[in-house]
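Heads up: the structure comes next, in structure tokens.
Chain identifiers are assigned alphabetically (A, B, ...) following the order of the sequence lines, protein sequences preceding nucleic acid strands; residue numbering begins at 1 within each chain. Because the structure is a prediction, the values reported are computed rather than measured.
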There are 2 protein chains.
Amino acid sequence: MHANVKQNVVPLITPGFKVACSQCNLRELCLPFGLSDSDMDRLDNLIGCGRKLKRGQHLYRAGAPFEFIYAVKSGFFKTDVLTEDGRDQVTGFQMAGEILGMDGISTEIHTCNAVALEDSEVCLIPFTELEMLSSEIRTLQHHLHKVMSREIVRDHGVMMLLGTMRAEERLAAFLLNLSQRFTARGYSPTEFHLRMTREEIGSYLGLKLETVSRAFSRFQDDGLISVQQKHIRIMDILRIKALLAPPDGRIG
Amino acid sequence: MHANVKQNVVPLITPGFKVACSQCNLRELCLPFGLSDSDMDRLDNLIGCGRKLKRGQHLYRAGAPFEFIYAVKSGFFKTDVLTEDGRDQVTGFQMAGEILGMDGISTEIHTCNAVALEDSEVCLIPFTELEMLSSEIRTLQHHLHKVMSREIVRDHGVMMLLGTMRAEERLAAFLLNLSQRFTARGYSPTEFHLRMTREEIGSYLGLKLETVSRAFSRFQDDGLISVQQKHIRIMDILRIKALLAPPDGRIG
DNA sequence: AAAGCGGGTTGACACAGATCAAAAGGGTAC
DNA sequence: GTACCCTTTTGATCTGTGTCAACCCGCTTT
């Protein structure tokens, strides 16, 4: 009931497959951004191979030694932290082109779990070697720093959300964020499939699953979206945006 | 009343002063950690000079072009983000040896404000040059990555706090965190002076200032701490820690 | 095709924390 | 040294979200 134990009894590692940044249609979103062809070859060389995960499988777990960072090639992930007393906080959802695993750099031990929310593929990027290569390729080095910084900025946004917003504002921000990221990947900005449960959304947004469900229903009643289980259709994105910037509102 | 406008009408930049990592008693906490003497000299060279700030002065503001990251040499800072509709979220408090400004790397524009909460001194580290140097000094490069990763992990902790904890748990976590950081700097683990207001603590913890005040009072009534305005004395750290790990509690 | 079950919705009620209000304390500026 | 204002404390009340519970829907499994 509670700790929501996903039983991946058999943590099968699907055999690696060859990947190549230069052939990847995500290269503009991902680490190789801005690299010359020859530099991209060197990065390809380093990355070597990928890994496939089934829905529910862990990419890594809190406590596991850090060795790689991962680029999501396809699929959808969540990351979460949990404390000894059983609290569980989803810290993010990652989609194609996004980087996972940077939490492990500081202590060489991962501090969160990364779980595939659907069948997924990632590229394995050995971090020590990435550091070596990035000290030779300025563009790569700088881009790595940007990726890490972007994660910090994103986290600040989540803090803002958790610290100052009310339930419906949080959900609105969540939907707009997903919409924008799907758009950047060439998918519909207004129609998409949620890969996560209401409980996972709630954990991310600091709400209980019932509150998430009620907010979805209310949005639907108000004609902002249409919800059918995990299928979302955004009907009135302007009014959703307006939820986040109340004309005047509670300030003062 | 509301937006709490600190009027630094005259953003005087106090003239720079020479700094040297090799002479700094914070070097074990700061960027130069683990560097050889000669490498530290090169870092010294790059850093050049520092900057003094009066209480209330901004080190940088959201929207300002990014050029430096900053190491706190002495004093105390807060960082906060604010949205166009006036929401304000404190994202962190920084003390000696900690690094500020990494939010600016990703877009070359700072996304948050950094304000001195007491008279303070920082070292200015030009980021482009730091990248150049770090591509030559493996230890420095790796340590920079660790510092950024540590920030990400810290942010996850704040998300956990904001997403799952109740008011008194948040305050307990906050006090323990401060205590631990003061300890690491050679100050008393049990007695310290808060540099920030109840409102700033509240913003950081996602609570209203009245709630923070009440929680302090309750801790005092329960004999956990003694509070006198901004002066805090921790009386029973074990019971404060116990607040964070309820023996069983609300799970399930 | 049926059964079982995890995930989702909805309702009733409880409560933690927000809000509103007032007063006191202490630090700062003059 | 004094006055003022910001900060803090405390009380009373309100409300958004959590909690508990029941039911339903639609997969997945067999």
Below 3.5 Å is the cut-off: list the nitrogen or oxygen pairs between protein and nucleotides 11-16 of chain D, distance only.
| from | atom 1 | to | atom 2 | distance (Å) |
| --- | --- | --- | --- | --- |
| D:dG11 | N7 | B:R214 | NH1 | 2.9 |
| D:dG11 | O6 | B:R214 | NH2 | 3.1 |
| D:dA12 | N6 | B:R214 | NH2 | 3.3 |

Name the pairs: protein N/O against N/O of nucleotides 23-29 of chain D, kept only if under 3.5 Å.
none

Identify each atom pair where a protein N or O and an N or O of nucleotides 2-6 of chain D are less than 3.5 Å apart, giving names and distance.
none

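Over its full length, the helix from C:dA1-D:dT30 to C:dC30-D:dG1 turns its helical axis through 70°, comparing axes from the five pairs at each end and rounding to 10°.
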Exercise answer: donor-acceptor pairs, residues 204-228 of chain B side-chain atoms, under 3.5 Å, sequence neighbours excluded:
| from | atom 1 | to | atom 2 | distance (Å) |
| --- | --- | --- | --- | --- |
| B:Y204 | OH | B:R154 | NH1 | 3.4 |
| B:S217 | OG | B:S213 | O | 3.1 |
| B:Q220 | OE1 | B:V227 | N | 2.8 |

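Considering B:I237, B:T183, B:I234, B:L178 in turn, B:T183 is the only one that fulfils the side-chain contact (heavy atoms from CB on, under 4.5 Å) rule with B:P189.
Distance, B:R170 CZ to C:dA16 C1': 11 Å, rounded to whole Å. One interatomic measurement links the two molecules: CG of A:L117 to C1' of C:dG7, which rounds to 14 Å at whole-angstrom precision. One can place NZ of A:K208 at 19 Å from C1' of C:dG11, the figure rounded to the nearest angstrom. Counting to the nearest Å, the P atom of C:dG17 and the CG atom of B:L161 are 12 Å from each other. To the nearest angstrom, C1' of D:dT7 lies 12 Å from NE2 of B:H193. Rounding to whole angstrom units, CG of residue A:L209 and C1' of D:dC20 are separated by 12 Å. Counting to the nearest Å, the P atom of C:dG17 and the CD atom of B:E169 are 8 Å from each other. At whole-Å resolution of the value, CG in A:L194 and C1' in C:dG8 are 12 Å apart.
Residue contacts for B:G206: at a heavy-atom cut-off of 4.0 Å it reaches the sugar-phosphate backbone alone, with no base atom in range. The residue A:S213 sits close to a base: some heavy atom pair falls under 4.0 Å.
When the salt bridge (Lys or Arg N to Asp or Glu O under 4.0 Å) test is applied to A:R198, no partner is found at least two apart in sequence or on another chain. Legend: residues meeting side chain to side chain donor-acceptor pair (under 3.5 Å) with B:S188, ordered by chain and number and at least two apart, are B:T190. Residues passing the ring-ring contact (aromatic ring centres under 6.0 Å, His included) test with B:F68: none are found, sequence neighbours excluded. Residues that satisfy the side chain to side chain contact (heavy atoms under 4.5 Å, CB included) test with B:N25, not counting sequence neighbours, are absent from this structure. With sequence neighbours left out, the side chain to side chain donor-acceptor pair (under 3.5 Å) criterion links B:Y60 to B:D103. Remark: A:D155 pairs with no residue by the side chain to side chain donor-acceptor pair (under 3.5 Å) rule, at least two apart or across chains.
With A:R195 contributing its side chain and A:H193 its backbone, the two residues share a donor-acceptor pair below 3.5 Å.
Using a 4.0 Å cut-off, no side-chain N or O of A:K230 falls inside it from OP1 or OP2 of C:dG7. Taking side-chain N and O atoms only, A:S217 has a distance below 4.0 Å to OP1 or OP2 of C:dT10. Close to D:dT17, at under 4.0 Å from its OP1 or OP2, lies no side-chain N or O of A:T211.
Salt-bridge annotation for A:R185 and A:E98: present, with a side-chain N of the basic residue lying under 4.0 Å from a carboxylate O of the acidic one. Salt bridge annotation for B:D119-B:K54: present, with a cationic side-chain nitrogen under 4.0 angstrom from a carboxylate oxygen.
Other residues, nucleotides and ligands place more than 12 heavy atoms under 6.0 Å from the CZ atom of B:F182.
In this structure, the separation between CG on A:L124 and OH on A:Y70 is 5.5 Å, given to the nearest 0.5 Å.
Nearer to the 5' terminus of DNA chain D, by closest-nucleotide assignment, is the contact made by B:R198 (compared with the other of A:M165 and B:R198).
Sorted by first and then second residue, the salt bridge (Lys or Arg N to Asp or Glu O under 4.0 Å) pairs involving residues 224-236 of chain A (not counting sequence neighbours) are A:E191-A:R233, A:D236-A:R239.
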